[in-house]
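First the structure, in the form of structure tokens, and then the observations on it.
Convention: sequence-line order gives letters A, B, ...; per-chain numbering from 1. Just so it is clear, the structure is predicted and the values come from calculations on it, not from any experiment.
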Amino acid sequence: MSGGERGLVQAAQAGDREAFAELVRRYQGRIYNMALRMTANPETAADLAQESFLRAYAALPRFDAAWPLAPWLFTITANLCRSWLTRRRLPTLSLDLPVTIDGEPVPREVPDERPAPDQLVEQQDLADRIRREIAGLPLEYRLVVELRHFGDLSYDEIAQTLDIPLSDVKSRLFRGRRKLRERLGDVWHT
Amino acid sequence: MAHLTCDQAEILLNLRLDGQLDGADWGRADLGRADAARLDAHLAACPACQAVWAELEALNTTLAALPDAPVPPVVLSGVLARVPGPAPAPAPANVRPWWRWLLGGGLALEAAIAALLLWLNWPLASSFAQGLVPTAVIDAAGRQVTDGIGAWASWLGAQAALVQAQWQAFSAQVSSLAPASPAPELVVQAIILLAAVLAVWVAGNRVLATISIQ
């Protein structure tokens with residue numbers, strides 16, 4: 001953590017409201033966008049970002065100012081997003097489970113409801129599409145991709161944040177990237 | 001050296017993308033170097049895995065270049081609205097300490113008006129002032145005729161008699177007034193005295209109200 005940021009954290013811990021406001025200003029972009037990529041809903045993302053900062057404020061007296069603030073904030077936000085998505089998520093059929101008819105496995109046919117590339121160009125820019133593709137990943141893959149690519153957390157930090165084994169971090173990241181490559185392939189090949 | 005499958009190569013490519021393969025500290029440096037060598041050998045002979053690597057690099061670049069969406073102002077304002085603020089400021093600027101009223105123009109002006117009204121009404125006011133400090137009465141031989149309490153009782157009786165006499169005189173004056181005649185001196189004095197009492201009363205209430213605000 002930079003000296004300036006550490007000073008801000010220590011001042012905020014001492015009750016300096018303006019110091020905490022400055023920390024919010026510094027990190028609100030990353031925290032809000034993380035929540036936006038996780039939920040694909042601007043209003044929900046704003047609510048989750050606010051809640052993340054309020055929880056951070058409440059837990060600030062117990063935070064060690066010698067540690068970097070960003071991973072801690074990402075951890076709070078990631079867990080809030082996961083909790084929110086888990087609560088709100090409707091029961092879905094796993095696409096990873098095999099389909100059987102009379103006990104015989106058959107190929108799963110899933111309609112691709114995503115707009116065609118030319119429609120995407122008309123409807124939204126590339127950034128919006130990428131955000132939507134990230135938000136369309138299965139939750140556990142999404143969390144790992146988010147923390148690795150946007151939170152810049154190491155494998156160990158991701159494992160600690162999500163409380164999962166290191167091997168799960170690697171496998172989820174592998175699968176999440178593979179899905180993103182499949183969905184965004186046309187972006188690089190056109 | 002065992003050859004890698006494409007799935008194994010893809011796993012190692014992901015590790016390489018995150019800086020976890022080449023030069024990474026695995027505790028066993030030979031393991032990282034061996035995997036890197038096997039991956040390089042596989043890549044050299046596998047166009048499909050070369051394409052996977054190109055896509056992984058492109059994905060990494062695309063995600064890194066993804067611009068942040070603008071943050072709604074409600075994020076900061078909402079947080080600050082729910083974070084406890086600093087200790088409340090002392091007194092608002094528009095409420096002055098009560099003692100400033102004593103020094104300020106408001107009360108002084110009212111006291112001046114009261115003093116002016118009393119001066120204008122001195123003939124009547126002096127009749128009250130004569131008995132303001134009742135004391136024991138000492139006769140010519142130096143003996144105490146009444147004590148202090150007795151003096152107060154005598155003073156109150158005298159005041160009651162005086163008010164009664166003045167009221168009777170006032171009633172007589174009013175009853176004998178002709179419509180065109182000028183206002184009698186007693187009425188003017190009574191009005192001035194009433195105004196003086198009113199001015200003092202207003203000033204006193206202001207002091208009490210100011211103190212209660214504090």
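Note on B:Ala54, B:Ala65, B:Pro67: by heavy-atom pairs under 4.5 Å with chain A, the leading option is B:Pro67. Heavy-atom pairs under 4.5 Å with chain B were tallied for A:Arg148, A:Arg37, A:Arg25; the largest tally goes to A:Arg148. Of all the listed residues (A:Phe150, A:Tyr32, A:Phe53, A:Tyr57), the one sharing the greatest number of non-hydrogen pairs under 4.5 Å with chain B is A:Tyr32. Counting heavy-atom pairs under 4.5 Å between each of B:Ala69, B:Gly78, B:Ala58 and chain A puts B:Ala69 at the top.
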Determine whether A:His149 and B:Leu66 satisfy the following criterion, side chain to side chain contact (heavy atoms under 4.5 Å, CB included), listing intermediate values before the conclusion.
CA-CA 10 Å; A:His149 281 277; B:Leu66 183 65; over 6 Å; no
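With a 4.5 Å cut-off on non-hydrogen atoms, A:Phe174 touches chain B through its backbone and its side chain both. Heavy atoms closer than 4.5 Å to chain B are found in the side chain of A:Glu51, but not in its backbone. Contact annotation for A:Ile130: only side-chain heavy atoms (C-beta onward) come within less than 4.5 Å of a heavy atom of chain B. The contact between A:Ile134 and chain B is made entirely by side chain atoms (from C-beta outward), counting heavy-atom distances below 4.5 Å.
Note: A:Leu173 CG to B:Leu15 CG = 9.0 Å, rounded to the nearest 0.5 Å. Atom CD of A:Gln50 is separated from atom CG of B:Leu80 by 9.5 Å, given to the nearest 0.5 angstrom.
A side-chain contact (heavy atoms from CB on, under 4.5 Å) with A:Leu180 holds for exactly one of B:Leu59, B:Thr62, B:Leu56; it is B:Leu59.
We find that B:Asp68 and A:Arg131 are not joined by a salt bridge, their nearest charged nitrogen and carboxylate oxygen being 4.0 Å or further apart.
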